[in-house]
Amino acid sequence: MLDVLGAEQSWEVPGAWVTAVRQRMHGWGQDQRSLRPLRPDAFAGFAKGTPAGVWFTAQVAPLLAGWIPVLHGDHADLGAVLTREFQRSPYQIGGAGHIVRVAATDWPLQVLAGAQGFREQGRKHAVEVSRDVVAMFVDAPPLAARAKALTAAFDRVLADREAIHIHMTADYPTIVQYWRTTALTAAELAVLPELAGPNAALKYSLNSLRDAHAKLLMTIPDEDAGDFAQLMAGMILAGRLTNLPPGVAQILGPAAHDVEKAFASARTGFRPQAWLNTNTEWLARAVRHDQRAAARAWAAAATRVSVHLSGALGDAPWPDPLIPDLDALFRLLDRDRRPTAAVEQKETSLSSAWDNVQGTPKEQKPVELGPVDFTNDPLAELDSLVGLESVKDSVRKMVAEVKTNLRRQELGLPSHERARHMVFVGKPGTAKTTIARLLSRIYHQLGVLEKGHVVEVDRSDLVGSSTGTTAPMTAEKFREAIGGVLFVDEAYTLVPENSPGDYGLEAIATILKLMEDHRNDCIVIVAGYHREMQRFMESNTGLASRFPKLLSFAEYDTNQLVEIFQLQARYKGMTYSDDVLDVVRSIIPPSPRGHNFGNGRFIRNVLEEAISNQATRLSTRDPDALTEKDLRELLPEDVRPPMSMRAEDYLFQKPGT
C-alpha cells in the first residue's frame with residue numbers, strides 16, 4: 001500500500017505493476033545507449049554499472065507524488081522498492097512509518113546535469129531517458145497527474161528543434177532557466193509548481209495552506225485553530241523561529257503584518273506540544289466527520305510550509321517537531337480506513353495499461369455511482385463541480401476574507417470589509433446560477449447572510465410596462481432577497497442598446513439605492529455575456545464602484561462536458577459504460593462553438609433525452625420482467641442529440657428551449 005497524504009485515498013500497489021517496472025529497468029541495462037555511468041561508483045549505493053535510468057527512477061518516484069510529499073505504507077519508499085535489485089544494500093522503509101521527501105526544484109533534470117560532459121547525442125539521450133522514466137508512472141494513480149504533465153513537457157522538448165538544441169549544447173544553468181520560464185505550460189506548472197523555481201514553490205506552499213485552512217475551518221469549525229495568520233504564528237513558534245522569514249513575508253504581502261501581530265500576541269506562554277495536540281484533535285474530528293480529504297489536504301500543506309520555514313531546503317537541520325504530528329495523523333487514518341477500501345481501489349483505479357501488464361483484458365462494466373448529499377457542505381459541493389478553477393479559487397479567497405474579518409471583529413480590530421456584490425460573466429450553462437446559490441449558502445453558514453436564499457430575476461421581473469411601475473416592482477424583488485442573494489440574470493437587458501429612455505435605467509437606479517440602504521443585508525450578483533456586461537457596467541457611473549468583484553466563467557471543453565454528463569447521470573442514479581461516453585463525446589459540437597451554445601445545459605438535455613430514449617426502449621418489454629439493472633443502465637443507442645436534433649442544428653437554438 002502507498003498512501004500519499006495529499007491524495008484523497010491510498011493506493012494498493014499491484015505486484016504485477018512493480019514487476020513490469022522492474023522488467024523495464026532490466027531492459028535499460030541491456031541497452032547500449034543506457035547512459036551507464038562513466039565511473040563504477042557514480043551512483044552512491046547502487047551496484048556497478050547501474051544505468052542512469054534506474055538511479056533516476058529511485059529519485060523521481062516519490063517526488064512525482066507532489067512537492068515535498070508525505071508517503072506512508074509498505075511502499076512509502078517507492079523508489080527503493082522498485083530499484084532494490086540494483087542496490088548494494090537493498091532496504092525498504094514503510095509499514096507504520098512515513099517519509100517526507102524534499103529535493104531541489106530542478107529535480108527532473110538530474111540526468112541532464114550528469115550528462116553535461118557528454119557529446120550532443122549523449123545529452124539528447126539523457127532527455128530521452130528522463131522522459132522514459134517519468135512515463136512509467138502515468139498509470140500510478142497518486143503520481144499520474146504530475147507524471148503526465150512532465151512527460152508531455154519532455155515530449156515537446158524532444159519534438160522542438162530549438163529546444164532540443166539548447167539541451168544538447170547549453171550549460172546546465174541555461175537549461176534550468178529554460179524549464180523555469182519556457183518548457184512548461186500554465187496547466188503543467190499548476191501541478192508542478194516547484195519547477196518554476198524556489199520562490200514559486202514557496203508561494204504555492206503558502207497559498208495551498210491558506211486555502212486548505214479556510215476549507216477545513218469551514219467544514220469543521222474550531223475556535224482554537226484560529227485564522228491563517230494565527231496558524232502561521234503557531235508554525236513559526238513551534239519551529240523555534242524568532243521571526244517571520246523575509247522570503248515568506250514578501251510572498252504574504254500585506255498579510256505578513258497580520259502574521260507578525262499574531263506572532264507577537266502568541267509567543268508569551270506558547271507551548272509547542274500543546275499546540276500540536278490541538279491541531280491533531282482538530283484533524284481527528286475532521287476524520288470522524290467524514291472530512292478525511294480536507295484533513296489530508298491541510299496536513300500535506302502544513303508539512304510543506306513547515307519544511308520551508310525550517311530552512312531544510314537550504315540545508316538547515318530538519319524541522320523538529322514537524323508540523324503537523326504526522327505519526328498521530330496516520331494512526332487516525334489507518335484506524336479509520338474501511339476494510340473494503342483496498343479492494344475498491346484495486347478494482348476501480350487501474351488503467352488499461354495495467355490490464356495489459358497482467359495480460360488479461362478486463363470486461364467493460366457500466367460505471368455505477370451513488371448520489372452525493374452536499375446539503376450541509378456547500379464548499380464540498382463547490383469542489384465537486386467540473387472545471388471552474390479560477391472561480392473556485394476566487395470563492396475560497398472570499399471565504400478566507402470573511403473568516404479573517406470576523407476574527408478581527410472578535411478581537412476588536414478594524415475589519416477590511418469590501419462590498420460583496422459581484423459581476424458574473426460567461427456564456428449560458430457555465431454554472432453562474434449554481435455558484436450564486438452556493439455563495440449564498442456559504443455566506444449563510446458564515447453568518448454573513450441571515451437566510452442564505454437566492455431570488456433569481458431577469459428584466460421581466462424588474463421593469464414595468466408603464467411609467468411608475470418599475471421602481472415598485474424592483475423594490476419588491478429586492479425586499480424578497482434581503483437576507484440572501486439577488487441574482488439578476490442577463491442584466492444587460494436592463495439597458496438595451498439605442499434606447500436612452502428605457503425603464504430599465506430606473507430599475508438600475510432603484511437597485512443601487514437599495515444596495516446602499518441595505519448594505520449588509522443582501523448581496524447583488526449581476527450576470528451575462530462578457531461584452532454585453534461591459535456595456536451594462538458603463539451604463540451608470542455608480543455601477544463599477546458598487547460591484548468590486550468580477551468572476552469569469554470559462555466555457556467547458558469537451559472532456560469537461562463529458563465529465564458533467566457522468567456527474568449528472570450519477571445524481572439521477574443511472575449507470576453507463578465507456579461506450580456510452582464515447583457517443584456523448586461524438587455529439588458534442590467541436591470548438592469554436594456558437595455564441596448561444598448551452599454548455600452544461602446542452603449536456604443536461606443530452607442526459608434527459610437519453611433517459612427518455614431508454615424508457616422508450618424498455619417500454620416494449622414486459623414491465624414485470626425489468627430488473628433494477630435494466631432500469632438504471634444507459635446503452636449507447638439511448639444517447640442522441642437533444643430532441644433528436646443534430647448537434648450542429650442545436651447550436652442555433654436558444655439555450656434552455
Side-chain angles (χ1 to χ4, degrees), residues 378 382 388 390-406 409 415-426 430-459 461-463 470-471 473-495 504-530 532-553:
L382 174 73
L388 304 174
S390 65
V391 173
K392 292 176 184 177
D393 185 58
S394 297
V395 172
R396 294 187 192 103
K397 289 179 180 178
M398 286 187 272
V399 170
E401 184 179 306
V402 171
K403 295 286 292 185
T404 302
N405 279 321
L406 290 174
Q409 292 172 13
S415 63
H416 303 289
E417 292 279 2
R418 292 189 297 168
R420 298 191 180 96
H421 309 298
M422 286 166 264
V423 180
F424 287 2
V425 293
T430 50
K432 297 188 294 296
T433 305
T434 299
I435 293 296
R437 293 169 183 164
L438 286 174
L439 274 171
S440 188
R441 289 166 53 199
I442 289 169
Y443 279 135
H444 174 60
Q445 285 192 351
L446 290 170
V448 173
L449 292 175
E450 182 180 355
K451 299 178 181 177
H453 65 302
V454 177
V455 176
E456 301 173 34
V457 299
D458 57 21
R459 177 183 170 91
D461 299 304
L462 304 176
V463 179
T470 294
M473 288 175 62
T474 302
E476 180 182 356
K477 284 297 181 182
F478 192 98
R479 284 193 294 270
E480 186 181 334
I482 287 177
V485 168
L486 179 68
F487 183 78
V488 186
D489 198 12
E490 297 182 335
Y492 53 85
T493 60
L494 296 176
V495 283
L505 296 173
E506 183 181 357
I508 294 173
T510 303
I511 290 174
L512 289 176
K513 181 176 187 308
L514 291 170
M515 286 167 61
E516 189 65 28
D517 294 343
H518 301 274
R519 184 175 303 178
N520 299 318
D521 301 328
C522 181
I523 295 175
V524 178
I525 299 176
V526 292
Y529 291 106
H530 289 73
E532 286 83 347
M533 288 305 295
Q534 182 177 1
R535 175 173 59 81
F536 169 77
M537 296 302 291
E538 294 171 351
S539 67
N540 186 304
T541 56
L543 280 171
S545 61
R546 293 323 205 299
F547 292 89
K549 295 184 178 73
L550 184 146
L551 273 62
S552 180
F553 291 71

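Here the structure is a predicted model, which means the values were calculated and not measured.
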Determine, stepwise, if the pair Lys477 / Glu480 fulfils salt bridge (Lys or Arg N to Asp or Glu O under 4.0 Å). CA-CA 5 Å; Lys477 284 297 181 182; Glu480 186 181 334; 3.6 Å; yes
Validation row: Thr510, Phe478 side chains within 4.5 angstrom (heavy atoms): no
Mind checking whether Pro378 and Gln445 have side chains closer than 4.5 Å, heavy atoms only? yes
Could you state the interatomic distance from OG (Ser440) to CD1 (Ile435), rounded to the nearest 0.5 Å? 12.5 Å
Beyond-backbone contact of Leu462 with Thr470, side-chain heavy atoms, under 4.5 angstrom: no
Quick one, Lys392 with Arg396, criterion side-chain contact (heavy atoms from CB on, under 4.5 Å). Give me CA distance, side-chain angles, the key distance, then yes/no. CA-CA 6 Å; Lys392 292 176 184 177; Arg396 294 187 192 103; 3.8 Å; yes
Between CD on residue Gln534 and NE2 on residue His530, distance to nearest 0.5 Å: 10.5 Å
Less than 4.5 Å apart, any side-chain heavy atom of Phe424 and any of Leu439? yes
Residues 515-526, side-chain donor-acceptor partners within the protein, below 3.5 Å, at least two apart:
from: Glu516; atom 1: OE2; to: Arg519; atom 2: NH2; distance (Å): 2.1
from: Asp517; atom 1: OD2; to: Lys513; atom 2: NZ; distance (Å): 2.8

The test is side-chain contact (heavy atoms from CB on, under 4.5 Å); show your working for Arg459 and Leu494 and say whether it passes. CA-CA 6 Å; Arg459 177 183 170 91; Leu494 296 176; 4.2 Å; yes
Between Arg420 and Met398, is there a donor-acceptor pair closer than 3.5 Å when you use the side chain of the first and the backbone of the second? no
Any residue meeting salt bridge (charged side-chain N to carboxylate O under 4.0 Å, His left out) with Lys397, in chain and number order, not counting sequence neighbours: Asp393
Can you tell if the side chain of Asp458 reaches within under 4.5 Å of the side chain of Thr493, non-hydrogen atoms only? no
Could you state the interatomic distance from CE (Met422) to CZ (Phe487), rounded to the nearest 0.5 Å? 10.5 Å
Non-hydrogen atoms of Lys549 and Glu401 that approach each other most closely: NZ-OE2, 4.2 Å
Shortest non-hydrogen contact between Tyr492 and Gly528, atoms and distance: CE2-CA, 3.8 Å
Before accepting this row, confirm whether a basic side-chain N of the pair Arg479/Glu476 lies closer than 4.0 Å to the acidic partner's carboxylate O. no
Within this structure, what is the CZ-CG distance for the pair Arg441 and Leu382, rounded to the nearest 0.5 Å? 10.5 Å
Contact between Val395 and Leu438 at the side-chain level, heavy atoms closer than 4.5 Å - yes or no? no
Atom pair OG1/CG of Thr474 and Leu486 - distance to nearest 0.5 Å: 9.0 Å
For the residue pair Val455 and Asp461, establish whether any side-chain heavy-atom pair is separated by less than 4.5 Å. no
Heavy-atom nearest pair, Ala431 first then Leu388, reads CB-CD1, 3.8 Å
Minimum heavy-atom separation for Val463 and Ala507, please, with both atom names. CG2-CB, 4.2 Å
